[in-house]
There are 2 protein chains.
Amino acid sequence: MTSKIGKRATIRDVAKAAGVSIKTVSRVFNDEPNVRSEIREKVRHVGQKLNYHPNVAARNLARRRSHLIGLFFENPSPAYVTELQMGALKRLRGTGYRLLIFPVENRADIRGAMVSTVYASGLDGVIVTPPMCDDPVILDELLSSHLPFVRVAGDNSIDKTASVIIDDEAAAFDLAEYVLRLGHRRIAIVIGDETHRSAGLRLMGFRRALRTAGIEPEPAMEIQGAFTFQSGLEAGRRLLHHANRPTAILASNDDMAAGVLQAAHELRIPVPQKLSVVGFDDTALAKMVWPQLTTIRQPVFEMAERATDILLRQIETGTAPETAKLSYDLVIRFSAGEAPTG
Amino acid sequence: MTSKIGKRATIRDVAKAAGVSIKTVSRVFNDEPNVRSEIREKVRHVGQKLNYHPNVAARNLARRRSHLIGLFFENPSPAYVTELQMGALKRLRGTGYRLLIFPVENRADIRGAMVSTVYASGLDGVIVTPPMCDDPVILDELLSSHLPFVRVAGDNSIDKTASVIIDDEAAAFDLAEYVLRLGHRRIAIVIGDETHRSAGLRLMGFRRALRTAGIEPEPAMEIQGAFTFQSGLEAGRRLLHHANRPTAILASNDDMAAGVLQAAHELRIPVPQKLSVVGFDDTALAKMVWPQLTTIRQPVFEMAERATDILLRQIETGTAPETAKLSYDLVIRFSAGEAPTG
DNA sequence: TTGAAAGCGCTAACAT
DNA sequence: ATGTTAGCGCTTTCAA
């Protein structure tokens with residue numbers, strides 16, 4: 001109310017009004033030392049009165065830092081994406097860094113344009129998720145640009161980059177083993193989008209579990225999906241119309257498991273009495289469908305939080321890229337039961 | 001590869017290398033007229049060779065614009081939030097503006113801090129969603145700050161602000177009327193979070209429909225929810241354990257409807273044979289539950305897109321705040337059927 | 001503990 | 001069609 005209409009107060013206005021130099025004002029607003037508390041208070045007070053807010057662009061220019069982090073994702077599941085965002089944001093809280101979101105519709109669009117986008121937005125660093133973070137072209141581009149970046153849930157065989165993962169293969173193995181232990185012998189899998197490295201790893205874990213139990217994986221029991229509900233629904237229909245249909249279906253994520261569940265409902269096949277269905281991720285959706293999904297809890301929120309932590313360290317202190325592997329859990333709910341007899 | 005390591009090329013480097021003034025380089029990189037195509041090409045080429053990318057902070061400082069839009073929301077439903085984001089982003093594509101997300105956990109935290117947050121992030125404008133956009137304190141703060149802002153899905157009785165809405169009252173009326181026409185007489189409602197204006201409007205529409213049909217609304221048939229799945233589940237349980245339980249339940253959003261559905265499943269009440277359940281919003285979740293929800297389609301994506309459009313116009317040309325009312329649709333799926341006889 | 005001066009890298013206004 | 005000169009509002013030396 002004190003400042004002129006249409007014109008924000010600058011550091012100079014505050015300096016003049018407080019009778020100090022602009023450097024002192026700068027010190028105060030950046031919590032730097034070497035200012036008498038008396039003056040500090042005075043400056044703060046004048047700043048308040050003038051409704052002074054440091055100009056972000058000017059500060060960014062002088063500091064050579066935008067305090068902007070970009071989150072790049074493709075959108076297979078709203079619940080998953082939300083977890084990612086909230087996890088990243090949690091770590092960012094109180095740091096002065098902000099989160100910019102970049103949903104990518106078509107990977108081809110971003111290939112070769114990733115770094116330009118980062119420059120055009122002035123990002124200090126980026127968080128990249130599958131499938132982009134496993135795309136060799138994109139990875140190369142990122143690597144040679146020397147931009148700080150971190151990968152979430154990507155391929156764990158690439159270790160020269162910062163990344164946070166879980167052991168997808170082992171998790172899928174455990175999940176399949178659980179289903180096997182319930183007595184199922186005829187088990188199908190709905191595979192995730194093949195450009196996601198995790199989809200392949202989960203398939204491998206599934207197969208290994210079957211082989212370990214003395215069952216040879218059967219092509220007809222491996223249906224390609226795309227990590228979407230719709231693809232799960234379609235895969236479920238195909239699988240359940242099969243002459244010799246499976247007694248258990250393992251979906252590579254919860255959205256597809258929900259789709260399979262819907263296919264079962266359509267065909268009036270009771271779950272888990274006649275059919276067991278399990279998911280992967282334990283997103284919010286897992287509890288919203290009926291019956292609630294037995295699934296693998298992938299700590300997406302924590303992974304994003306941790307990834308952001310690693311990224312921030314890279315940006316601020318230029319440390320070498322770190323890697324972290326978080327643990328998963330088997331969450332037993334009500335969508336899987338003992339194999340039907342006969 | 002041509003530029004020195006660790007130092008980005010500046011406009012001056014390009015100008016020197018291309019043998020022109022920095023202003024010409026600026027013209028080329030901003031697609032301004034008055035540059036011979038010959039020179040234009042030369043500058044572009046040199047820019048590429050030097051791996052030149054205009055410095056965003058410098059540009060922002062000179063232009064007095066950050067090209068940053070903030071989206072403030074509270075997170076009742078992941079699917080809803082994702083729609084909002086995607087809608088806003090669609091309009092932003094190609095404009096050079098970026099989207100910053102601000103999930104608000106606790107409204108009290110943001111009350112009185114909204115404008116500071118905007119300044120601290122250097123936002124050019126903000127998109128605000130319920131319930132924040134209906135909070136008088138927050139609205140006042142925004143209004144007196146003269147920051148460009150637009151409200152999505154807020155209270156339609158406030159018309160001096162830019163906003164995009166649907167007619168929640170009429171939509172709820174139509175939805176209830178549809179259920180009444182199916183022969184239901186004992187109809188309950190799960191009310192949304194009361195701090196959302198839309199929750200109240202939907203309740204009013206529901207009541208009006210009942211009265212129009214000659215039914216007096218009954219307190220026991222109006223249960224308070226919070227727009228979350230869990231609150232819908234709990235409300236459903238209460239309603240269905242009721243001695244004289246309803247034959248139809250109207251939930252104020254899809255997440256709560258999914259919760260009600262789950263309660264029905266728990267109690268082995270067949271939907272829609274013995275119980276009809278309808279939702280509101282038509283988010284992605286509506287199709288993922290069983291049976292798929294009959295619901296009101298609120299065009300969240302389009303609303304966000306439109307709101308962003310209005311906001312951009314305010315920012316760029318300083319036009320007066322506009323208002324838009326979009327239409328809703330009744331989407332008939334499989335969760336509501338004729339009232340059970342007897 | 002404080003301040004003056006010199007940038008940060010760009011665009012705007014105004015020549016030419 | 002092109003260039004020159006001031007800023008934009010901060011932070012960073014470096015001096016006092």
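Throughout, protein chains are lettered first and strands after them, A, B, ... in sequence-line order, and every chain is numbered starting at 1. These figures come from a predicted structure and were not determined experimentally.
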Chemist: What pairs of residues pass the side-chain hydrogen bond (donor to acceptor under 3.5 Å, both in side chains) test when at least one of them lies in residues 36-47 of chain A, not counting sequence neighbours?
Modeler: A:D31-A:R44

Chemist: Once side-chain hydrogen bond (donor to acceptor under 3.5 Å, both in side chains) is applied, what residue pairs with a partner in residues 105-132 of chain B remain, sequence neighbours excluded?
Modeler: A:R98-B:S121, B:S66-B:D124, B:E74-B:R107, B:R107-B:T195, B:R111-B:D135

Chemist: Does B:F73 have any ring-ring contact (aromatic ring centres under 6.0 Å, His included) partners at least two apart in sequence or in another chain, and if so, which?
Modeler: none

Chemist: With sequence neighbours left out, what residues match B:T317 under side-chain contact (heavy atoms from CB on, under 4.5 Å)?
Modeler: B:R313, B:T319

Chemist: Any pair with a residue in residues 10-23 of chain A that passes salt bridge (charged side-chain N to carboxylate O under 4.0 Å, His left out), sequence neighbours left out, goes on the list, sorted by first then second residue, please.
Modeler: A:K23-A:E32

Chemist: Identify, with sequence neighbours excluded, every residue that meets ring-ring contact (aromatic ring centres under 6.0 Å, His included) alongside A:Y80.
Modeler: none

Chemist: Could I get the full list of side-chain contact (heavy atoms from CB on, under 4.5 Å) partners for A:P299, not counting sequence neighbours?
Modeler: A:I166, A:R297, A:E302, A:M303, A:L326

Chemist: So, is A:T24 close to the C:dT2 phosphate, meaning a side-chain N or O under 4.0 Å from OP1 or OP2?
Modeler: no

Chemist: What pairs meet the ring pair (Phe, Tyr, Trp, His ring centres under 6.0 Å) rule with one or both residues in residues 95-118 of chain A, with sequence neighbours excluded?
Modeler: A:H67-A:Y97, A:F72-A:F102

Chemist: Encode nucleotides 7-14 of chain C as B, S and - characters from 5' to 3', where the letter depends on protein heavy atoms closer than 4.0 Å: B to the base, S only to sugar-phosphate, - to neither.
Modeler: -BBBBBB-

Chemist: If we fit an axis to the first five pairs and another to the last five of the helix from C:dT1-D:dA16 to C:dT16-D:dA1, what angle do they make, to the nearest 10°?
Modeler: 30°

Chemist: What are the 5'-most and 3'-most nucleotides of DNA chain D lying under 4.0 Å from any heavy atom of chain B?
Modeler: D:dA1 to D:dG9

Chemist: Specify the closest pair of heavy atoms between A:N55 and A:A58, including all atoms of both residues, with the distance to one decimal.
Modeler: OD1-N, 2.8 Å

Chemist: Please list, chain by chain and in numerical order, all residues satisfying side-chain contact (heavy atoms from CB on, under 4.5 Å) with A:R64, sequence neighbours excluded.
Modeler: none

